[in-house]
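Notes follow once the structure below has been shown.
Read the numbers this way: they start at 1 and go in the same order the structure lists the ligands and their atoms. Bear in mind that the values here come from a model prediction, so they are computed numbers and not experimental data.
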Amino acid sequence: MSKLSTNPKDYELLVDSPGRINIIGEHTDYNNGFVLPTAIDKKIRFMFKKNGSDTVCNLYSANFDTSYTFSLEDVSPGDQQWANYILGVIHGVQQHTDKLRGFDCVLDSNIPVGSGISSSAALECGLGFGVNELFDCGLDRITITKIGQKAEHDYVGTKCGIMDQFASVMSKEGNVILLDCQSLEYKYVPIHIKPYKILLLNTNVSHNLADGEYNKRRAQCESGVAIIQSKYSNVNSLRDVSPEMLAEFKNEMDDVVYNRCSYVVDEKVRVLDTVEALNNNDLARMGKNMYKTHEGLSKLYEVSCPELDFLVEFSKGYNEVIGSRVMGGGFGGCTINIIHEDAVEKFTKEAEKAYFEKFNIKLTAFEANPSEGTSIVK
Ligand code: ADP
Ligand code: MG
């Protein structure tokens, strides 16, 4: 196959699929807790057209400069990881409809990969949203998020929660989403933080969640729940456990499992407290919660790394930074910082310098603006 055209004029449908940030509520989604994410102004742009074939689909990722061709009659995981996200979504859509036919799809992205901004959910959901539009499949947005999550579970092997997909697809500009990952009930919470800004600092240390640490955390939480269930049979997940209840099991749980659970039950309280803080315009309280979250993720949940810890500690030297923490799965990626707009330039410069001196790695900083979820451009 020759390379697909990258000229938008050659396509009938253009879709923007954003990455996301999460203000607070980390590693809580798969524990049925709450999260507070929103889409941002970094995205994958997809271009789609029907190609006249019944079955042949051609893909091209411009920023990876890689092509992939597959048949709708033979959709199963292959040896190219990036294509597996897409194949998993196609498989998911096929469970709902037989309307899919051959298509060409080119995508180009400015979401840093493997940095906790969820390029994977943007990939899954943009593709799902696009083919749904192109072939008029009639799937609603929530179904598209679930298909994306299942693709990541079954075709890639990361047992992710629903947060990333939900934020990418459902966000509304100027808001964060308070999402209850148990019921999928959600509420938009306006985020007015001027004169503060959201600054992401990318350590450029990359994780690979599929590597197993993520799934290990998940299993540790589940084993904690199993112990709690011996006394409280109505507990289904850490969502149902308060910090006081958990304390009863301190001597019955392995220390590591106890620490994991302890972080999660505290984090649930912090998310709800942060929503109240946002509603009251109490940014200082929001920021304090973010610092506490980082401490929990670093010491109890153990998903930080020296680079992330360094940046969060570094931020504490600046009064203008009111909150900072690792964002996303961890083991690298970005910190999210709430910083006064007047200090962004100075702080960024000094953080870059200090980070380079310490680790000999270039830091990348960028502002993130809460943005609309998946949308049709044309
Ligand atoms: P994150 O979601 O935090 O960015 P993940 O490891 O979950 O990190 O997902 C990254 C993977 O998603 C990449 O390794 C690649 O397989 C796929 N991916 C993301 N963006 C693109 C893209 N523009 N083109 C092709 N594949 C992509
Ligand atoms: Mg991901």
Side-chain angles (χ1 to χ4, degrees), residues 3-4 6 14-22 26-27 29-30 35 37 39-40 42-48 57-70 77-90 105-130 145 148-169 200-215 217-218 303 305 308 326-336 364 366 368 374:
K3 240 186 214 175
L4 296 174
T6 53
L14 270 57
V15 168
D16 277 351
S17 181
R20 63 104 193 91
I21 53 168
N22 184 27
E26 214 62 80
H27 288 276
D29 59 353
Y30 56 83
V35 292
I40 59 166
K42 292 259 177 217
K43 60 188 185 240
I44 305 182
R45 169 147 311 167
F46 287 83
M47 306 196 286
F48 293 94
C57 302
N58 303 304
L59 308 167
Y60 175 64
S61 167
N63 55 305
F64 279 35
D65 192 19
T66 326
S67 302
Y68 193 82
T69 293
F70 67 94
D79 55 4
Q80 286 221 37
Q81 164 131 323
W82 78 277
N84 283 338
Y85 292 92
I86 287 173
L87 292 164
V89 169
I90 294 294
C105 168
V106 168
L107 57 110
D108 200 359
S109 173
N110 63 2
I111 308 175
V113 169
S115 303
I117 308 169
S118 208
S119 65
S120 59
L123 181 63
E124 295 143 20
C125 294
L127 195 279
F129 188 95
T145 66
Q149 182 194 24
K150 196 162 177 355
E152 194 149 339
H153 283 205
D154 297 348
Y155 274 62
V156 180
T158 303
K159 302 283 181 209
C160 58
I162 192 71
M163 168 171 75
D164 298 351
Q165 292 78 9
F166 205 94
S168 183
V169 176
L200 302 187
L201 297 180
N202 190 348
T203 58
N204 289 312
V205 178
S206 83
H207 61 238
N208 185 350
L209 294 182
D211 254 348
E213 281 303 318
Y214 184 97
N215 294 347
R217 293 300 176 285
R218 213 181 154 123
V303 293
C305 61
L308 289 164
V326 45
M327 190 182 73
F331 306 107
C334 294
T335 62
I336 174 171
T364 336
F366 55 94
T374 326

**Request:** With salt bridge (Lys or Arg N to Asp or Glu O under 4.0 Å) as the test, would you mind laying out the steps for D108 and R45 before giving the verdict?
**Result:** CA-CA 5 Å; D108 200 359; R45 169 147 311 167; over 6 Å; no
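Inclusion of I44 in the set of residues having an N or O under 3.5 Å from an N or O of ligand 1 is not warranted.
Looking at L107 against ligand 1, only its side chain comes within 4.0 Å, counting heavy atoms. With a 4.0 Å cut-off on non-hydrogen atoms, A122 does not touch ligand 1 at all. Contact annotation for S61 and ligand 1: only side-chain heavy atoms (C-beta onward) come within less than 4.0 Å of the ligand. With a 4.0 Å heavy-atom cut-off, ligand 1 is reached by the backbone of V113 and by its side chain too. Counting heavy atoms under 4.0 Å from ligand 1, residue S120 touches it through both backbone and side chain. With a heavy-atom cut-off of 4.0 Å, F64 touches ligand 1 through its side chain alone.
Counted by atom type alone, S118 and D164 present one or more donor-acceptor pairs between their side chains at under 3.5 Å. In the model, N204 has a side-chain atom that pairs as donor or acceptor with a side-chain atom of T364 under 3.5 Å.
Here S120 reaches the Mg ion (ligand 2): one of its N/O/S atoms is less than 2.8 Å from the metal.
Between Y68 and W82, the ring-plane angle classifies as perpendicular under the 30° and 60° cut-offs.
Atom CD of Q80 sits about 6.5 Å away from atom OG1 of T66, to the nearest 0.5 Å. With values rounded to the nearest 0.5 angstrom, I111 atom CD1 is found 7.5 Å from I40 atom CD1.
Near L123, meaning under 4.0 Å from any of its heavy atoms, are these atoms of ligand 1: 17 (C), 18 (N), 26 (N), 27 (C). Using a 4.0 Å cut-off to heavy atoms of N63, the atoms of ligand 1 that qualify are 23 (N). Heavy-atom proximity to G116, at under 4.0 Å, picks out these atoms of ligand 1: 3 (O). Here is the list of ligand 1 atoms found below 4.0 Å of a heavy atom in Q81: 16 (O). Ligand-side atoms of ligand 1 in range of S109: 23 (N), range being under 4.0 angstrom from any heavy atom. Of all atoms in ligand 1, listed by their number and element, those nearer than 4.0 Å to a heavy atom of S115 are 3 (O), 4 (O).
G328 does not count as a contact of ligand 1, since none of its heavy atoms falls under 4.0 Å from the ligand.
K3 has a carboxylate O that lies under 4.0 Å from a charged side-chain N of D65, or vice versa, which qualifies the two as a salt bridge.
In terms of the salt bridge (Lys or Arg N to Asp or Glu O under 4.0 Å) criterion, residue partners of K150 (sequence neighbours excluded) are, by chain and number, D154. Every residue was checked against the ring pair (Phe, Tyr, Trp, His ring centres under 6.0 Å) condition with F70, not counting sequence neighbours, and none meets it.
Cation-pi geometry between K42 and F366 is met: the NZ or CZ atom falls under 6.0 Å from the ring centre, inside 45° of the normal.
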